[in-house]
Asker: 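After the structure tokens below, expect a handful of questions from me.
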There are 2 protein chains.
Amino acid sequence: MRIGELARRSGVSVRALRYYEEQSLLDADRTPGGQRDYPDGAVDRVQLIQQLYAAGLSSRTIVELLPCVSTGTATQSMFDRLLTERDRIGVRMDELAQAKAKLDRVIEQVLAAGLTRDGATGSAPVGS
Amino acid sequence: MRIGELARRSGVSVRALRYYEEQSLLDADRTPGGQRDYPDGAVDRVQLIQQLYAAGLSSRTIVELLPCVSTGTATQSMFDRLLTERDRIGVRMDELAQAKAKLDRVIEQVLAAGLTRDGATGSAPVGS
DNA sequence: CTTGCACCTGACGCCGACGTGAGGTTTTAG
DNA sequence: CTAAAACCTCACGTCGGCGTCAGGTGCAAG
């Protein structure tokens, strides 16, 4: 599979795929003409990379963790990284939960108080 | 309260506080000499700002939402923003949950398979 | 053969939330 | 009064994950 198809199938840009390779997150064979040739499994790998990015991991961290994600084995230091990053994600989730709770409460308040007319500064709800 | 104390009490840098002011997230009185003078409530406000940043909101978004967070009222468009951002946080939480689940599974696998010796490439666990 | 699309390698641009000086002023302690 | 700590305003630097343009090459169709 060439890079354009991989991009379409995995939902990321061609530029991003080249960037992943630059970061040693992804590698490809080359055709005699120098074009990248990916195996089918690349789609899953790219989606895994995306998922870890979405979790807030950096390229550096991902490149250290990918081997044990694919093999299921790890050295001691890799294992420590795994635990650290898992915990970091947990902390992030708690932060998000708190922020969401705060917005939820604000939304409740606004629903209870009613909406303010655009441009108005007063506190009178816009009744029916 | 001057900026240094606010920084210590709210746990952010002096530079960050000036940046918040630049973004219209925070305002301060000035002493005759031109130094910033914050009321006590500023500590809470800064922590709120931090929390919203942590939730992935941008300065622009926060500056639009802060009024209704403090007043409990909103215009229609502000209310829409509230809902949008709350949902966005929900989506982020789901992404994080998925990534965390994946790491949890990897950790389980590694625990089951045992650790690999540093530098080793084989799949044999390091048994006792 | 030629057209034309997909691909290639640099290499600079971007954005947001600050960090980090430089160079000067205000406030406070003694 | 003086020294030093804290403060002030520019204004440039950083970092990561790409976007984007420039200028050239590979490959399949007619």
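As the structure is a prediction and not an experimental result, all values here were calculated from the model. Heavy atoms only: backbone and side chains are in, while hydrogens, waters and symmetry mates are out. Chain A is the first sequence line, chain B the second, and so forth, proteins listed ahead of strands; every chain is numbered from 1.
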Asker: Taking CZ from B:R60 and C1' from C:dC15, how many angstroms apart are they, rounded to a whole number?
Answerer: 13 Å
Asker: Atom CD of B:Q23 and atom P of C:dA17: how far apart are they, to the nearest Å?
Answerer: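 In whole Å, C:dA17 P and B:Q23 CD are 7 Å from each other.
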Asker: Hey, which sits more toward the 5' end of DNA chain C by its nearest nucleotide, B:P32 or B:Y53?
Answerer: B:Y53
Asker: Please state whether the phosphate of D:dG17, meaning OP1 or OP2, lies under 4.0 angstrom from any side-chain nitrogen or oxygen of A:Y19.
Answerer: yes
Asker: If only side-chain N and O atoms of A:S59 are considered, is one of them under 4.0 Å from the OP1 or OP2 phosphate oxygen of D:dG17?
Answerer: yes
Asker: Between B:M78 and B:E64, is any pair of side-chain heavy atoms under 4.5 Å apart?
Answerer: no
Asker: Write down the distance between CD (B:E22) and P (D:dC10), rounded to a whole number of angstrom.
Answerer: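 That distance rounds to 10 Å.
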Asker: Report yes if the side chains of B:L48 and B:L66 come closer than 4.5 Å at any heavy-atom pair, otherwise no.
Answerer: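 They are in side-chain contact.
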Asker: Once each nucleotide of nucleotides 4-13 of chain C is scored for protein heavy atoms under 4.0 Å, what B/S/- sequence comes out, 5' to 3'?
Answerer: ---SBB-B--
Asker: Please test B:E5 against B:R8 for side chain to side chain contact (heavy atoms under 4.5 Å, CB included), starting from the C-alpha separation and ending with a verdict.
Answerer: CA-CA 5 Å; B:E5 190 182 346; B:R8 277 191 305 277; 3.8 Å; yes
Asker: Has A:Y20 got a side-chain N or O lying under 4.0 Å from the OP1 or OP2 atom of D:dC18?
Answerer: yes
Asker: Is there a side chain to side chain contact (heavy atoms under 4.5 Å, CB included) between B:R60 and B:Q23? Walk through the geometry before answering.
Answerer: CA-CA 8 Å; B:R60 270 184 51 78; B:Q23 302 299 307; over 6 Å; no
Asker: Can you tell me how far P of D:dC8 sits from CG of B:L17, to the nearest Å?
Answerer: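 For the pair B:L17 CG and D:dC8 P, the rounded distance is 10 Å.
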Asker: To the nearest 0.5 angstrom, please state how far the CG atom of B:L103 sits from the CZ atom of A:R81.
Answerer: 11.5 Å
Asker: Give the rounded distance in Å between these two atoms: CG of A:L57 and P of D:dC18.
Answerer: 13 Å
Asker: Heavy atoms, side chains only, cut-off 4.5 Å: are A:L17 and A:L6 in contact?
Answerer: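 With C-beta onward as the side chain, the pair touches.
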Asker: If you check the A:S13 side chain, which of D:dC18, C:dA17, D:dG19 turns out closest?
Answerer: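 Shortest atom-to-atom distance from the side chain points to D:dG19.
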Asker: Just wondering, more than 12 heavy atoms not from A:D37 lying within 6.0 Å of its CG?
Answerer: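 Enclosed: over 12 neighbouring heavy atoms sit under 6.0 Å from CG of A:D37.
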Asker: How many Å lie between CD1 on B:I49 and P on C:dA17, as a whole number?
Answerer: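 In whole Å, C:dA17 P and B:I49 CD1 are 12 Å from each other.
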Asker: Would you indicate, yes or no, if D:dC27 has its OP1 or OP2 atom less than 4.0 angstrom from a side-chain nitrogen or oxygen of A:T31?
Answerer: yes
